[in-house]
Amino acid sequence: MPTVPDERVLPPLGMTGEQFEEAALSTAKGIEEYFASLPSRNTLPSVAPGYLRKLLPESAPNQGEAWTEIEKDIERAIMPGITHWQSPKYAAFFPASTTYPSMLGEFWSAALSSPAFNWICSPVITELETVVMDWFANILALPETFLSKTEGGGVLQLSASDTIVTVMVAARERYIRRQLEREGVTDPEEIEDRSCEIRSKLVALGSEQSHSSTKKAAIIAGTRCRTIPTHQSDDYALTGPALRAKIEELHAKGLQPYYLTVTLGTTNTCAIDAFDSLAAVAKDYPDIWIHCDAAYAGSALILPEYQHFSAQMAFVDSFNMNMHKWLMVNFDASLLYVQKRRDLTDTLSITPAYLRNQFSDSGLVTDYRDWQIPLGRRFRSLKVWFVIRTFGVQGLRAQIRHSIALGDFFADLVRSRSDLFTIVAPPRFALTVFTVNPRRKEPEKLEDNTGNGTDPRPYQDSQVSVKPAADSKEVEEANEVTKAVYETIDQEKEFFLTSTVLSGVYAIRVVSANPLAEEKYVRQIFDTLVRTAKKVLKSRDGKQANGASH
């Protein structure tokens, strides 16, 4: 009987069990040392493009290397190119949080490594996902129609961008199916031809403040995309009248809106669209799929004081938020809920013979491959489960409240220097957006109607924006100094902030919402802004004085 020679020089899993234990313990120690060192590291890297190729060999090693040698390159080669998103000095974009229980979930997920496209691939991967998605729908106080016991349900996706592509494709096909039914088209060739004709007239919608993924998804879906203007007077929210005007404009051109992104917490300013007025318009156009993008701010719905927004979600077809932004789960963990799961499965379910099995055919199990574009999927629910069990609902709420309190603190600091800064949009969800004044002003006196020096209104309602100066010269000068302040801090690399442009106004965004953010670091960011603004204004005034003397 012939035998198969085994010429492998390493164990099948690359290490022995004992070696793996040592490597895992060393890795855990290295990660803990990394987190302890974060406050002393510059948040932004100081490398130039192509830096890594100079540090690595020209070709892959022919002989395998010991883990003790590989591990040395974490600090030597990897760390110089890392932007430290977990740093307490990180205040850019939105957070990408992680926690130890989440890391442990990834550890186990990597060990089990199942693509889980069918229930039978690993039943627990499907069933735990259904459980934690229902748990979280209840934690967020979403309408019952998003629970798995109804016609709806939830599924874990990679990101909000993947989610928008998924629901937009489903929205396109749902619109076509309904139109074909209305027209009574049943012949297969006629269905195909008419479907192509209908697709050519479809338009996806989003406001000017909607995430760019709406436009990208429309490209992938092969349809038009139109943006709806928003205004500073509405705090950059999409309103019902603006939506209706755009729909009527498109209908007059023979085009058919089929999809709309509404937003709870836009990227630029955390603006909240006017859901009540949008719901009134939605009643008149039931064929338009409405998706709520709450990627970052949706995490705040775990707080009872924000759950009036949850109740307003009854009018949307789908809702999405990312736990990997603000809720202690590392990337990727994007939660998508739909009111009618058949809207997804009727579009995305394709079952060749090799995917068929008695459990799927019985209709008694969920195959999440039919709820997404890829076939395979990771065991994401494990880290979500670990995090929920470690923190508990109260612990998660405390984390969000802490971030919001830090945002309140920072906004008050900015207001305290109204001679230097102007807030240009209502601070919300730990985000403050502001400009640098092109010339020093007298500090504003904040109104106190209570007699005790406090504002009686809830945090989110007490935040009012200051309208940017209407004079174009004033705006131009403000943009110039704000950009100079931003770029100076960016070049120093200790802190990471981001900028944006609102109605032609260049502004700086600060959002300190990762788990390690603390008051002292928020104050350091503010002190750096003040120092840099004074320096930029002094330099500018000096240049103007020299120019005038000539």
Side-chain angles (χ1 to χ4, degrees), residues 117 126 129-130 133-134 136-137 140 142-183 185 191 194-195 198-199 201-206 213-214 217-218 220-223 225 256-263 275 278-279 281-294 298 312-321 334-351 360 363 365-375 377:
F117 43 82
T126 295
E129 184 159 337
T130 302
M133 291 301 291
D134 281 348
F136 229 83
L140 297 170
L142 292 176
E144 192 175 74
T145 46
F146 288 111
L147 295 174
S148 64
K149 67 181 181 182
T150 69
E151 294 181 272
V155 59
L156 279 162
Q157 304 262 9
L158 285 81
S159 70
S161 299
D162 295 88
T163 291
I164 288 178
V165 171
T166 301
V167 297
M168 191 180 289
V169 170
R172 182 194 69 191
E173 296 307 297
R174 186 183 75 171
Y175 186 97
I176 292 170
R177 284 194 300 272
R178 290 180 177 180
Q179 186 61 26
L180 291 173
E181 288 173 8
R182 284 191 286 262
E183 296 176 6
V185 180
I191 286 175
R194 181 62 182 135
S195 294
I198 295 170
R199 284 192 191 99
K201 300 293 185 182
L202 295 182
V203 184
L205 299 175
S213 54
T214 295
I220 295 169
T223 67
C225 183
Q256 300 296 331
Y258 74 101
Y259 169 90
L260 169 69
T261 295
V262 301
T263 310
F275 298 131
L278 292 170
V281 177
K283 289 179 182 177
D284 296 333
Y285 301 97
D287 288 336
I288 298 178
W289 181 302
I290 301 178
H291 173 70
C292 181
D293 176 7
Q312 291 178 301
M313 293 300 104
F315 84 101
V316 304
D317 295 275
S318 52
F319 172 90
N320 167 244
M321 56 81 64
S334 189
L335 280 61
L336 167 64
Y337 291 96
V338 291
Q339 294 220 35
K340 288 187 169 54
R341 54 182 172 267
R342 279 202 61 178
D343 288 337
L344 291 180
T345 59
D346 283 353
T347 297
L348 302 172
S349 179
I350 297 177
T351 309
S360 297
V365 301
T366 297
D367 286 334
Y368 279 122
R369 65 182 173 81
D370 297 331
W371 297 47
Q372 63 179 30
I373 292 172
L375 176 64
R377 52 204 329 279

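- Evaluation of the side-chain contact (heavy atoms from CB on, under 4.5 Å) rule for Ala282 yields Ile290, Phe315 as partners, not counting sequence neighbours.
- When the side-chain contact (heavy atoms from CB on, under 4.5 Å) test is applied to Arg199, the partners found at least two apart in sequence or on another chain are Arg172, Glu173, Ile176, Ser195, Cys196.
- Take Lys149 and apply the salt bridge (Lys or Arg N to Asp or Glu O under 4.0 Å) test, not counting sequence neighbours, and it matches Glu144.
- For the side-chain hydrogen bond (donor to acceptor under 3.5 Å, both in side chains) test, no residue two or more places apart in sequence or in another chain qualifies with Thr126.
- Residues satisfying the side-chain contact (heavy atoms from CB on, under 4.5 Å) test with Ala217, not counting sequence neighbours, are Ile164, Val165, Met168.
- Using a 3.5 Å distance cut-off with no hydrogens or angles, the side chains of Thr345 and Trp371 do not pair a donor with an acceptor.
- With sequence neighbours excluded, the residues satisfying side-chain hydrogen bond (donor to acceptor under 3.5 Å, both in side chains) with Thr261 are Thr214, Tyr259.
- For Ser159, the side-chain hydrogen bond (donor to acceptor under 3.5 Å, both in side chains) partners two or more places apart in sequence, or in a different chain, are Asp162.
- A search for side-chain contact (heavy atoms from CB on, under 4.5 Å) contacts involving Glu151 returns Lys340, not counting sequence neighbours.
- By the salt bridge (Lys or Arg N to Asp or Glu O under 4.0 Å) test, Arg194 is found to be paired with Glu183, Glu197, residues two or more places apart in sequence or in another chain being considered.
- Qualifying side-chain hydrogen bond (donor to acceptor under 3.5 Å, both in side chains) partners for Arg342, counting only residues two or more places apart in sequence or in other chains: Asp346.
- One finds the OH atom of Tyr258 at 11.5 Å from the OH atom of Tyr175 (value rounded to the nearest 0.5 Å).
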